[in-house]
Amino acid sequence: MTGIFESFKQQFLQSRDEEMSLEEYLALCKRDPLAYASAAERMLAAIGEAEMVDTRNDSRLSRIFSNRMIRRYPAFREFYGMEDVVAQIVAFFRHAAQGLEERKQVLYLLGPVGGGKSSIAERLKSLMEQFPIYALKGSPINESPLGLFSPERDGATLEAEFGIPRRYLSGIASPWALKRLNEFGGDLTQFRVVRIQPSVLRQTAIAKTEPGDENNQDISTLVGKVDIRKLEAFSQDDPDAYSYSGGLCLANQGLLEFVEMFKAPIKMLHPLLTATQECNFKGTEGFSAIPFHGIILAHSNESEWQSFRNNKHNEAFLDRVYIVKVPYCLQVSEELQIYRKLLKHSSLVDARCAPGTLEMMAQFSVLTRLKEPENSSIYSKMRVYDGETLKDTDPGAKSFQEYRDFAGIDEGMTGSSTRFAYKVLSAVFNYDQTEVAANPVHLMYVLEQRILREQLPEETQRRYLEFIKAWLSPRYAEFIGKEIQTAYLESYSEYGQNIFDRYVTFADYWIQDEDYRDPETGASFDRSALNSELEKIEKPAGIANPKDFRNEIVNFVLRARAQHGGKNPKWTSYEKLREVIEKKMFSSTEELLPVISFNAKASVEDKKKHENFVGRMVEKGYTEKQVRLLSEWYLRVRKSS
C-alpha cells in the first residue's frame, strides 16, 4: 500500500507553486512559449493533435461523412457521435489562439437537456488543468507578469530580447499590482513570479458561476466585492480591502464556466462585455479596471436562449457569443457506446444484458430525435443515419444527405434525452425480483410505462408508443426468432452452407441450360427439375423475378471465387440470398415447438434437445430465465400474427 501513498505525495509536490524572479521568468519565456501562452493556446496544447481519419476506407463512415477526411481528438474519445461538435469547439480555440475575433467571444454550448453540454464543460476544465500558468506572487487574480509592461513602451524590447510578441502585452496592471509597484518604488525586480497549476478543486484559474435568485443576485458573483472585515485597516477603495472572489477574478488566465447563463438577469452579465472585448472589467469599488485573460464558457437550454435572443435589449451581448449547437446523438451505434460507457462505470457492468437490449434502447432514443421524412419510413432514415446501405432492402430509402437537407439544422435538438434512457435501463435491469439482468421484452414494457408516466403532449406520446409497436416490437420478433431458430439447429451454419452451395450449383447449370448429375447420389436433373428445386428455395422467400435473381447470385459467386482461390464464399456473405435461405430453413415453426417450449417433454430425446437448445442460447448471452421469457414471448407473437 505504500506505493499509492508515495505516488500521491509525489503528485502533490509536483503541483505545488514554484517561485522565481521576474528576470528568470522572462528568460523562461525565451525558451518556452507556453510560459506566456494565452488560455486558448494552452487549451489547444492540452487537446493535442487530431487523428486524421480517411472515411473512404470505412464503408459506414464514408456514407455518413461523404468520404471526407475527419479529425478525431483523443481528448474527446468518449464523446460518441460528437465529431462535428468537437470540431467546432476546437476551431473556436484555434481561432482564439491566433488572436482572431473568437478571443473576444463567449463560447456558448446550446443544446437540449441531457445532450452532453455539462460533460463537454467538465472535460474542458480538466484539460485546462494540464499546463501551468505563471502569475505574480501574491496576486489575488493570478495576474500575468506581462501585465506590468506597456506594449508601446516595452513591446519592442521584450520581443527583441525574449521573443514575446507584442500582442501578449495587455498594458493593464491590476489595482493590486499598481499598489505593490508604488510600494516597491517602481522597482520591477522586487516582484516574484510563481508557477501555478490550475485546479478545479482549488478554483485556481478555473471557476464556476451559477445564476442565483434574481432578486438578490448582483455582479459581485462575477467581479467580487469589498471585504467589510478589512475596512478597519484599509479604506473602502483600497485594493487590499477588496475580496477578489468573483468568477472573473478566480478564472483569470484560465476558464470560467457560466452554468445556465441566460437564466441570470441581464445586469449581471454586463461585466462579461468588457471582460471579453477589452480584457478587463470594473470591480464594485472606485479603483481601476481588473485585467481578465481567460475563456468564458457558457451553456444553457434552447428555451433560455430563444427568450434571451428575442429581447432587443440584448443585441450588444448577442454579438459576443460564439454558438456551438450540441444536439442529441443521431447514430444508433454511437448512442449504444454511450450506454455501454454508463454501464461500465456502474455495478451493472457484470449484470447479464440479453443481446438486442441496448440496441433497442438506442433505436428508440434516436427515433424520437429524428424529423419524420417524406416518402420514406423513419426507421429506414434511422438506419441510413447509422451508415447502413438499404438499396437492396428498401429501394425507397434516400441518401444520408437528402435526409439531412430535408430535416434542417435543428434536427436532434428535441426528443428523449440520454438521461431518460439511463433511467429506463436502470429500471429494466432491476425489473425482475430474483436476478439483475435486462432483456428487450422487459425494456418495451418499462418504456411504455415511462412514456405514459411522463405526461407528454398527446401527439408526442402517440408517436413514442407507435415507435415501440410499429417498429421495435416487430423487428425484435424477427431477431429473437432467428436467435431461437439458430440455437435450435445444432449444425445451423453447415446446413446453411449446404443449401447455399447447392442453390448456386443448380442456378449455374440452369443458366447454362445444361443437365446436372449429382456426384454423390448419381441423380440427374434436367432444366425443368433444376427449376423445381430452385423454386423450393425461392418461393418461401417471395422472389418476384427468379431469372434475374439467379443470374445475380451466380455472378456474385463467380467473382468471389476468383478472389478466394476458387472457393465458394460463406452463405451469409450475400444478404439477399442469406435471407432467402433462412426463410427456407425456418418456413415451419411447428417443428420448433417441442424443443423450445418449457412444457413437460413427451420423450427423453425432446428433453435432451430442449436442454441443448437452452445451453446454446445461454452461450449467446442469455440467462436461463430470459430464454424461457423470450421463447414464450416469441411464440405468443408468432401465434397472434
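For the numbers below, each heavy atom of this structure counts, side chains included, while hydrogens, waters and symmetry mates do not.
Checked by atom type, the side-chain pair Ser174/Glu143 shows a donor-acceptor distance below 3.5 Å. Side-chain atoms of Tyr385 and Ser333 include no donor-acceptor pair closer than 3.5 Å. With 3.5 Å as the limit, one finds no donor-acceptor pair spanning the side chains of Ser119 and Glu122.
Residues Ala241 and Val226 come closest through the heavy atom pair O-CG2, 3.4 Å. Pairing each heavy atom of Val326 with each of Gly115, the nearest pair is CG1-O, 3.8 Å. Taking every heavy atom of both residues into account, Leu169 and Ser150 meet most closely at CD1-O, 4.1 Å. For Glu257 against Ala121, the heavy-atom pair with the smallest separation is OE2-CB, 3.5 Å. Pro145 approaches Leu136 most closely through the heavy-atom pair CA-CD2, 3.8 Å. Taking both residues in full, the closest heavy atoms of Ala97 and Ser38 are given as CA-OG, 4.5 Å, listed atom of the first, atom of the second, then distance.
Taking Tyr403 as the reference, nothing meets the ring pair (Phe, Tyr, Trp, His ring centres under 6.0 Å) condition, with sequence neighbours excluded. Looking at residues two or more places apart in sequence or on another chain, you find a side-chain contact (heavy atoms from CB on, under 4.5 Å) between Leu273 and His270, Phe317, Arg320.
Taking the six-membered ring where the residue is Trp, the centroids of Tyr242 and Trp176 are separated by 6.0 Å or more. In summary, the aromatic rings of Tyr134 and Tyr36 are positioned with their centroids too far apart to meet the 6.0 Å limit.
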Test side chain to side chain contact (heavy atoms under 4.5 Å, CB included) applied to Leu255 and Met43, step by step: CA-CA 10 Å; Leu255 185 145; Met43 181 66 81; 3.7 Å; yes
Evaluation steps, side chain to side chain donor-acceptor pair (under 3.5 Å), between Thr368 and Ser416: CA-CA 6 Å; Thr368 66; Ser416 70; 3.1 Å; yes
Pair Leu148-Asp154, side chain to side chain contact (heavy atoms under 4.5 Å, CB included): steps then yes or no: CA-CA 10 Å; Leu148 298 170; Asp154 309 308; over 6 Å; no
Side chain to side chain donor-acceptor pair (under 3.5 Å) evaluation trace for Asp84 with Gln88: CA-CA 6 Å; Asp84 289 340; Gln88 290 179 63; over 6 Å; no
Gln331 and Val366: CA distance, side-chain angles, deciding distance, side chain to side chain contact (heavy atoms under 4.5 Å, CB included) verdict: CA-CA 7 Å; Gln331 298 172 38; Val366 171; over 6 Å; no
Side chain to side chain donor-acceptor pair (under 3.5 Å) evaluation trace for Tyr339 with Ser365: CA-CA 11 Å; Tyr339 302 158; Ser365 295; 2.8 Å; yes
Residue pair Ser66, Gln401: steps toward the side chain to side chain contact (heavy atoms under 4.5 Å, CB included) verdict: CA-CA 8 Å; Ser66 305; Gln401 199 56 49; 4.3 Å; yes
CA sep, side-chain torsions, deciding dist, call: Ser300, Tyr108, side chain to side chain donor-acceptor pair (under 3.5 Å): CA-CA 8 Å; Ser300 69; Tyr108 175 56; 2.4 Å; yes
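For the side chain to side chain donor-acceptor pair (under 3.5 Å) condition, the pairs that include at least one residue of residues 244-253, sequence neighbours left out, are Ser243-Ser245. Legend: ring-ring contact (aromatic ring centres under 6.0 Å, His included) pairs involving residues 78-99, not counting sequence neighbours, sorted by first then second residue: Phe76-Phe79, Phe92-Tyr322. Among residues at least two apart or in separate chains, salt bridge (charged side-chain N to carboxylate O under 4.0 Å, His left out) pairs with a member in residues 228-256 are Lys179-Asp238, Lys179-Asp240, Arg180-Asp240, Asp227-Arg229.
At distances below 3.5 Å, at least one donor-acceptor pair connects side-chain atoms of Gln197 with backbone N or O atoms of Glu129. Using modelled atom types, no side-chain atom of Gln306 and backbone atom of Ser303 make a donor-acceptor pair closer than 3.5 Å. Using modelled atom types, one side-chain atom of Ser139 and one backbone atom of Ile141 make a donor-acceptor pair closer than 3.5 Å. Looking only at distances, no side-chain donor or acceptor of Glu102 sits under 3.5 Å from a matching main-chain atom of Ala96. One N or O on the side chain of Thr276 and one on the backbone of Leu272 form a donor-acceptor pair closer than 3.5 Å. Checked by atom type and distance alone, the side chain of Arg71 never pairs as donor or acceptor with a backbone atom of Glu51 at under 3.5 Å. In this structure a side-chain-to-backbone donor-acceptor pair under 3.5 Å is missing from Asp410 to Met413. A donor-acceptor pair is defined here as one N or O able to donate and one able to accept, closer than 3.5 Å; no such pair exists between the side chain of Gln98 and the backbone of Arg103. Thr274 places a side-chain N or O within donor-acceptor distance of the main-chain N or O of Asn280, the cut-off being under 3.5 Å. A donor-acceptor pair under 3.5 Å links the side-chain atoms of Glu24 to the main chain of Ser21, judged by distance alone.
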Under 3.5 Å, which donor-acceptor pairs link side chains of residues 282-292 to any protein atom two or more places apart or in another chain?
unit_1, atom_1, unit_2, atom_2, d
Lys282, NZ, Phe287, O, 2.5
Glu285, OE1, Gln236, NE2, 3.1

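To the nearest 0.5 Å, atom NZ of residue Lys371 and atom CG of residue Leu330 are 13.5 Å apart. Here the CD-NZ distance, from Glu278 to Lys104, works out to 9.0 Å after rounding to the nearest 0.5 Å. The CZ atom of Arg68 lies 13.0 Å from the CZ atom of Arg56; values are rounded to the nearest 0.5 Å. Remark: Arg450 CZ to Leu456 CG distance equals 12.5 Å, nearest 0.5 Å.
Under the 4.5 Å side-chain criterion, counting only non-hydrogen atoms from C-beta, Lys137 is not in contact with Phe191. Looking at heavy atoms from C-beta onward, Leu181 lies out of side-chain contact with Gln190 at the 4.5 angstrom threshold. Two residues are said to be in side-chain contact when any heavy atoms from C-beta on lie closer than 4.5 Å; Leu110 and Lys117 fail this criterion. Taking 4.5 Å as the limit, some side-chain heavy atom of Lys325 sits within range of a side-chain heavy atom of Ile409. Side-chain atoms of Asp54 and Asn67, non-hydrogen and from C-beta on, never get closer than 4.5 Å to each other. In this structure the side chain of Met361 reaches within 4.5 angstrom of the side chain of Leu425, judged on heavy atoms. Within the 4.5 Å cutoff, the side chain of Asn301 has heavy atoms near those of the Glu260 side chain. Considering only heavy atoms from C-beta on, Leu26 comes within 4.5 Å of Ile164 through its side chain.
Between Phe364 and Phe420, the ring planes are tilted. Angles from 30° to 60° get that label.
Between Glu334 and Arg60 there is a salt bridge, since a side-chain N of the basic residue sits under 4.0 Å from a carboxylate O of the acidic one. Between Arg72 and Glu83 there is a salt bridge, with a side-chain nitrogen of the basic residue lying less than 4.0 Å from a carboxylate oxygen of the acidic one. Using a 4.0 Å cut-off between charged nitrogen and carboxylate oxygen, Arg404 and Glu411 count as a salt-bridge pair.
Both tests do not hold together for Arg63 against Phe400: distance to the six-membered ring centre under 6.0 Å, angle to the ring axis within 45°.
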